[in-house]
Amino acid sequence: MIQLFGGLGPVFAVLVGGLLTLPVSEQPKKKEPVKKPGALHVYDGGSLFTNGAIDRAKAAMGKTVFERETALTVETFATIPKDKTHPEKGEEAKFFTNWAKSEAALDKAKGVYVLVCRSPGYVTVLVDKATRDRGFSNENEQKLRDILLASFKEAGQAKKDGKSDEEQFKIRDKALSGAADYVSSVLKGTVK
């Protein structure tokens, strides 16, 4: 045997041999992702919801725990701002989508962003790439939009029928809660 380590060869052999006989340690467990509460942001410039309903919807969204950061932002406007040109007939979808994109970018909104204009009545839903990758589809966008639009139409009909402001708020408040519940149900358990 060639002496590589001088007189330490036998000691080295015993150490290596001893290491080989040690039991294989268990594989380290995968670290569980940190679960995060959902976040609802409401900027109600259009005065569509009561403060109590906003607080309840925020609390409900915050109690839902997600594998990834999850946010729903609802921003309402009474009218189209004066610095924006009203859309021409047939160009409404493009106009409101571009407006929503600029507002979402200003707020650095992540997740699902909803722009609501009270007059003229319009609802636009935008979803960022991360949320889209988690499975929030075009169909989910449309369903969320429909939840809100249906309530706004119902509240408008209630006004025409002479129902009180309180009744109209109840209808819209229920839609805000329904929107938060819907986003939570679609995204809960998604991990991408």
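Bear in mind the structure is a predicted one, so any value in this text is a computation, not a measurement.
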Item checked: Within one Ile-Leu-Val-Met-Phe-Trp-Tyr cluster: Leu40 and Leu126, side-chain cutoff 4.5 Å -> no
Checklist line | Expected output: side-chain Arg172 to main-chain Phe49 donor-acceptor under 3.5 Å | finding: no
Notebook entry, point to check: What residue pairs, at least two apart or across chains, pass side chain to side chain donor-acceptor pair (under 3.5 Å) with a residue in residues 92-102?
Noted result: Trp99-Glu103
Item checked: Stepwise side chain to side chain donor-acceptor pair (under 3.5 Å) check, Asp146 with Gln142 -> CA-CA 6 Å; Asp146 291 347; Gln142 187 60 48; 2.8 Å; yes
Item checked: Neighbour count above 12 (heavy atom, 6.0 Å) for Asn51 CG -> no
Donor-acceptor pairs under 3.5 Å, side chain of residues 111-120 to any protein atom, not counting sequence neighbours: which ones?
| from | atom 1 | to | atom 2 | distance (Å) |
| --- | --- | --- | --- | --- |
| Tyr113 | OH | Glu75 | OE1 | 2.5 |
| Arg118 | NH1 | Gly46 | O | 2.8 |
| Arg118 | NH1 | Ser47 | O | 3.1 |

Next item on the list: Hey, could you give me the CG/CD1 distance between Leu48 and Ile171, rounded to the nearest 0.5 Å?
Entry: 12.5 Å
Checklist line | Student check: side-chain heavy atoms of Phe95 and Thr85 closer than 4.5 Å | finding: no
Notebook entry, point to check: Distance from Ile147 atom CD1 to Lys174 atom NZ, nearest 0.5 Å?
Noted result: 11.5 Å
Notebook entry, point to check: For Pro37 and Gly62, which heavy atoms make the closest approach, and how far apart are they?
Noted result: CB-O, 3.1 Å
Note to self: Do Ile54 and Val183 sit in one hydrophobic cluster, given that two such residues count as connected whenever their side-chain heavy atoms are within less than 4.5 Å of each other, even indirectly?
What the structure shows: yes
Check: Would you call Ser151 and Leu176 a side-chain contact if the rule is heavy atoms closer than 4.5 Å?
Finding: no
Check: Do other residues, nucleotides or ligands put more than 12 heavy atoms under 6.0 Å from Lys58 NZ?
Finding: yes
Check: Would Ser137 and Glu139 satisfy side chain to side chain donor-acceptor pair (under 3.5 Å), going step by step from the backbone distance to the final call?
Finding: CA-CA 5 Å; Ser137 67; Glu139 292 80 20; 3.1 Å; yes
Next item on the list: Working to the nearest 0.5 Å, report the span between CD of Gln168 and CD of Glu166.
Entry: 11.0 Å
Note to self: If the condition is ring-ring contact (aromatic ring centres under 6.0 Å, His included), which residues does Phe169 pass it with, not counting sequence neighbours?
What the structure shows: none
Report, one line per pair, each donor and acceptor closer than 3.5 Å where one atom sits in a side chain of residues 152-159; sequence neighbours left out.
| from | atom 1 | to | atom 2 | distance (Å) |
| --- | --- | --- | --- | --- |
| Gln157 | NE2 | Asp161 | OD1 | 2.9 |

Margin query: Any heavy-atom pair between the side chains of Arg134 and Thr70 that's under 4.5 Å?
Written below: yes
Next item on the list: Work out which heavy atom in Val123 is nearest to a heavy atom in Arg145; give both atom names and the distance.
Entry: O-NE, 2.6 Å
Next item on the list: Output the distance between atom CG (Leu148) and atom OG1 (Thr124), rounded to the nearest 0.5 Å.
Entry: 11.0 Å
Margin query: Taking Val186 as the starting point, is it possible to reach Val74 by hopping between hydrophobic residues whose side chains are less than 4.5 Å apart?
Written below: yes
Margin query: Please enumerate all residues that pass salt bridge (charged side-chain N to carboxylate O under 4.0 Å, His left out) together with Glu167, with sequence neighbours excluded.
Written below: Lys170
Next item on the list: Look only at the side chain of Asp128 and the backbone of Lys110, and say whether a donor-acceptor pair between them is shorter than 3.5 Å.
Entry: no
Notebook entry, point to check: What is the distance from atom OG1 of Thr131 to atom CG of Leu72, rounded to the nearest 0.5 Å?
Noted result: 10.0 Å
Next item on the list: Scan residues 118-143 for pairs that pass ring pair (Phe, Tyr, Trp, His ring centres under 6.0 Å), counting only residues two or more places apart or in two chains.
Entry: Phe96-Tyr122
